[in-house]
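Everything below concerns the one structure shown next.
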Amino acid sequence: MSASDQEAAEQRVRDAVRRDARTRAFAEAEDVISAVLADPGVQEARDRVEAAEVKLGRELCARLQPFQDRYDRAVTRGDADGLAGLCGGKHGRWGRICVLPDGHETSMEEPHWGRNGEGRPIAWVGSAPDDW
């Protein structure tokens, strides 16, 4: 085996070891996160937060419903211009998309607002990527 072949083989081994270590680290992290989220205290806190978000969502509904209507019309019509300029706030895992204009947190001093996966009005603070 030539020196370059030997070096290439060693690099493949190093890459495989790195991938394996990363895979194990992610699996361990998922196990820890699952254990934390399964804790009854964490579940109770999550339930309280969601109840507060739904309550606030209902309270804001009368004032913010026109934004939901505009969003629904834009989606139905495939109107990209109508969707442009919307807030990037979302919690994709929970089916939430903010229907307010971009910058609403400062210009309107409102939390993110839209509908949850069950179609109920919901308000929330913060955002997360779709795959989180």
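This chain uses plain numbering: 1 for the first residue, then up along the sequence. Here the structure is a predicted model, which is why all the values come from computation and not from measurement.
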- [ ] With sequence neighbours excluded, give me every side chain to side chain donor-acceptor pair (under 3.5 Å) pair touching residues 60-70.
- [x]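 Residue pairs with at least one partner in residues 60-70: Arg63-Glu110, Gln65-Asp69, Gln65-Arg115, Gln68-Asp72.
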
Do [X] and [Y] touch side chain to side chain, with heavy atoms closer than 4.5 Å?
X      : Y      : answer
Phe67  : Leu86  : no
Leu100 : Leu64  : yes
His104 : Glu109 : no
Arg58  : Arg120 : no

Open item on the list: Looking at Arg48 and Glu44, is there a salt bridge between them, counting it only when a charged N and a carboxylate O are closer than 4.0 Å?
Closed with: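 Salt bridge present between Glu44 and Arg48.
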
Open item on the list: Any salt bridge linking Glu53 with Arg46? Criterion: basic side-chain nitrogen under 4.0 Å from a carboxylate oxygen.
Closed with: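 Salt bridge absent between Glu53 and Arg46.
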
TODO: Determine, using the 4.5 Å side-chain heavy-atom cutoff (strictly less than), whether Val75 and Val99 are members of one ILVMFWY cluster.
DONE: yes

Open item on the list: Hydrophobic clusters here meaning ILVMFWY residues chained together by side-chain heavy-atom distances under 4.5 Å, can you tell me if Ile33 and Phe26 are in one?
Closed with: no

Open item on the list: If you count heavy atoms of other groups shown closer than 6.0 angstrom to CZ of Arg77, is the number above 12?
Closed with: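 Atom CZ in Arg77 is not crowded, with 12 or fewer foreign heavy atoms closer than 6.0 Å.
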
Task: Within 6.0 Å of CD in Glu59, more than 12 heavy atoms from elsewhere - done: yes

Task: Distance in Å, Ile122 CD1 paired with Leu60 CG, rounded so as to fall on 0.5 Å steps - done: 11.5 Å

Task: From Trp113 atom CH2 to Leu56 atom CG, the distance as rounded to the nearest 0.5 Å - done: 10.5 Å

Task: Distance-only donor-acceptor check, side chains Asp5 and Ser2, under 3.5 Å - done: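 Looking only at side-chain atoms, Ser2 and Asp5 do form a donor-acceptor pair, the distance falling under 3.5 Å.
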
Open item on the list: As a quick check of understanding, evaluate side chain to side chain donor-acceptor pair (under 3.5 Å) for Gln11 and Asp15, giving each step before the final call.
Closed with: CA-CA 6 Å; Gln11 184 61 46; Asp15 290 345; 2.8 Å; yes

Open item on the list: For a quick test of reading the model, state the closest non-hydrogen atom pair linking Pro111 to Ala123 and the distance between them.
Closed with: CG-CB, 4.0 Å

Task: Residue pair Gly57 / Pro121: nearest heavy atoms and the distance that separates them - done: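 Taking Gly57 first and Pro121 second, the nearest heavy atoms are O-CB, 3.5 Å.
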
